[in-house]
Amino acid sequence: MDTESAQLFVGLLSIVAVVGSIVLLVSSAAAAAGSDGARRLSATIGDAGVWLAFVVACAATAGSLYFSEVADYVPCRLCWFQRIAMYPLTVILLVGGLRNDRNVRWYAVPLAAIGAAISAWHSLIEWRPALDNGACEFQGPACTFVWFRQFGLSLANMALIGFLTILILLLARVPARLDRADSTSTADPELEHTS
């Protein structure tokens, strides 16, 4: 795959991640409002959330490695910090998926949140270079340097989308009251205590 095709591919993956995240958020909100179809969709996506987050982390890791090792895009300092947050997510989410551990979010969410904050700052200073304090210029390229934009998105924007998608997949859940309705039989636990 040549570099231009890789740029197009990761740009398309980013758009898919944004659309998927919006669908999940809207369906979770509709489920909270009582929509049965939205509840089923949210529950299905929620059940696969750890694995979907793993796929996002793998794609982001593979993309960053491709651009630095094959396309020879030298990562800036903030890019390295984003990698420090993303690369372990791949392993953590894989182990959580294999163990079917829904509590993996307690380990993954802090890393994804830190990565999202760094990516957000990186995206901001790419658009507003005057905000950069020059911390990146000590080693590697300036953090305001943009290797490419695909569909208006830079690598920092795509990393931000990746981190936010992981957060949404791990945190967006079917509301508890709807989960309980499926897990209880015909009896309501609150009614049993009153009788």
Side-chain angles (χ1 to χ4, degrees), residues 1 3-32 38 40-68 70-71 73 75-76 78-97 102 104-127 146-174:
M1 178 183 301
T3 303
E4 288 181 14
S5 297
Q7 292 171 357
L8 177 63
F9 183 68
V10 297
L12 288 171
L13 284 179
S14 297
I15 299 299
V16 167
V18 167
V19 171
S21 296
I22 291 169
V23 166
L24 180 56
L25 290 173
V26 168
S27 69
S28 294
R40 283 192 296 276
L41 176 64
S42 293
T44 301
I45 294 172
D47 289 344
V50 172
W51 284 111
L52 291 171
F54 167 71
V55 169
V56 171
C58 275
T61 298
S64 74
L65 288 171
Y66 173 85
F67 286 118
S68 65
V70 177
Y73 293 177
C76 71
L78 289 178
C79 290
W80 280 111
F81 293 151
Q82 291 165 68
R83 287 174 174 213
I84 289 168
M86 184 63 76
Y87 290 7
L89 281 172
T90 306
V91 177
I92 291 169
L93 292 168
L94 174 62
V95 171
R102 295 192 123 210
V104 71
R105 68 178 174 250
W106 292 107
Y107 313 113
V109 165
L111 275 174
I114 291 166
I118 295 168
S119 297
W121 174 251
H122 193 181
S123 297
L124 179 64
I125 64 172
E126 281 182 349
W127 288 101
V146 177
W147 284 99
F148 70 91
R149 287 196 193 279
Q150 190 69 43
F151 306 116
L153 301 171
S154 69
L155 285 170
N157 302 144
M158 292 177 194
L160 177 60
I161 289 168
F163 285 119
L164 291 176
T165 301
I166 290 169
L167 286 169
I168 290 168
L169 286 167
L170 294 176
L171 296 175
R173 293 275 184 243
V174 177

Working to the nearest 0.5 angstrom, can you tell me the gap between [X] [atom1] and [Y] [atom2]?
X      : Y      : atom1 : atom2 : value
Met158 : Phe67  : CE    : CZ    : 7.0 Å
Ile114 : Phe81  : CD1   : CZ    : 12.0 Å
Leu93  : Leu169 : CG    : CG    : 9.5 Å
Cys79  : Tyr73  : SG    : OH    : 12.5 Å

Inset, instruction - Mark yes when over 12 heavy atoms from residues, nucleotides or ligands other than Phe9 sit less than 6.0 Å from its CZ; otherwise mark no. - result: no
Does a side-chain heavy-atom distance below 4.5 Å link [X] with [Y]?
X      : Y      : result
Phe54  : Val95  : no
Leu153 : Ile15  : yes
Leu25  : Ile168 : yes
Pro75  : Gln82  : no
Leu111 : Pro88  : yes
Leu164 : Leu167 : yes
Leu160 : Ile118 : no
Met86  : Ile166 : yes

Inset, instruction - Kindly indicate, with the supporting measurements, whether the criterion side-chain contact (heavy atoms from CB on, under 4.5 Å) is fulfilled by Tyr107 and Leu170. - result: CA-CA 11 Å; Tyr107 313 113; Leu170 294 176; over 6 Å; no
Looking only at heavy atoms, which two atoms of [X] and [Y] are closest? And how far apart?
X      : Y      : value
Trp127 : Ser123 : CD1-O, 3.0 Å
Gly96  : Val50  : C-CG1, 4.0 Å
Ala17  : Ile161 : CB-CG2, 3.8 Å
Trp51  : Gly97  : CZ2-C, 3.1 Å
Gly115 : Ala85  : CA-CB, 3.7 Å

Inset, instruction - Test Ser64 against Tyr87 for side-chain contact (heavy atoms from CB on, under 4.5 Å), laying out the working first. - result: CA-CA 10 Å; Ser64 74; Tyr87 290 7; 2.6 Å; yes
Legend entry - Worked check of side-chain contact (heavy atoms from CB on, under 4.5 Å) between Ser68 and Arg83: CA-CA 11 Å; Ser68 65; Arg83 287 174 174 213; 3.0 Å; yes
Legend entry - Results of side-chain contact (heavy atoms from CB on, under 4.5 Å) for Leu12 - residues two or more places apart only: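 Result, side-chain contact (heavy atoms from CB on, under 4.5 Å) vs Leu12: Leu8, Phe151.
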Inset, instruction - Would you please test Leu52 and Thr165 for side-chain contact (heavy atoms from CB on, under 4.5 Å) and show each step? - result: CA-CA 9 Å; Leu52 291 171; Thr165 301; over 6 Å; no
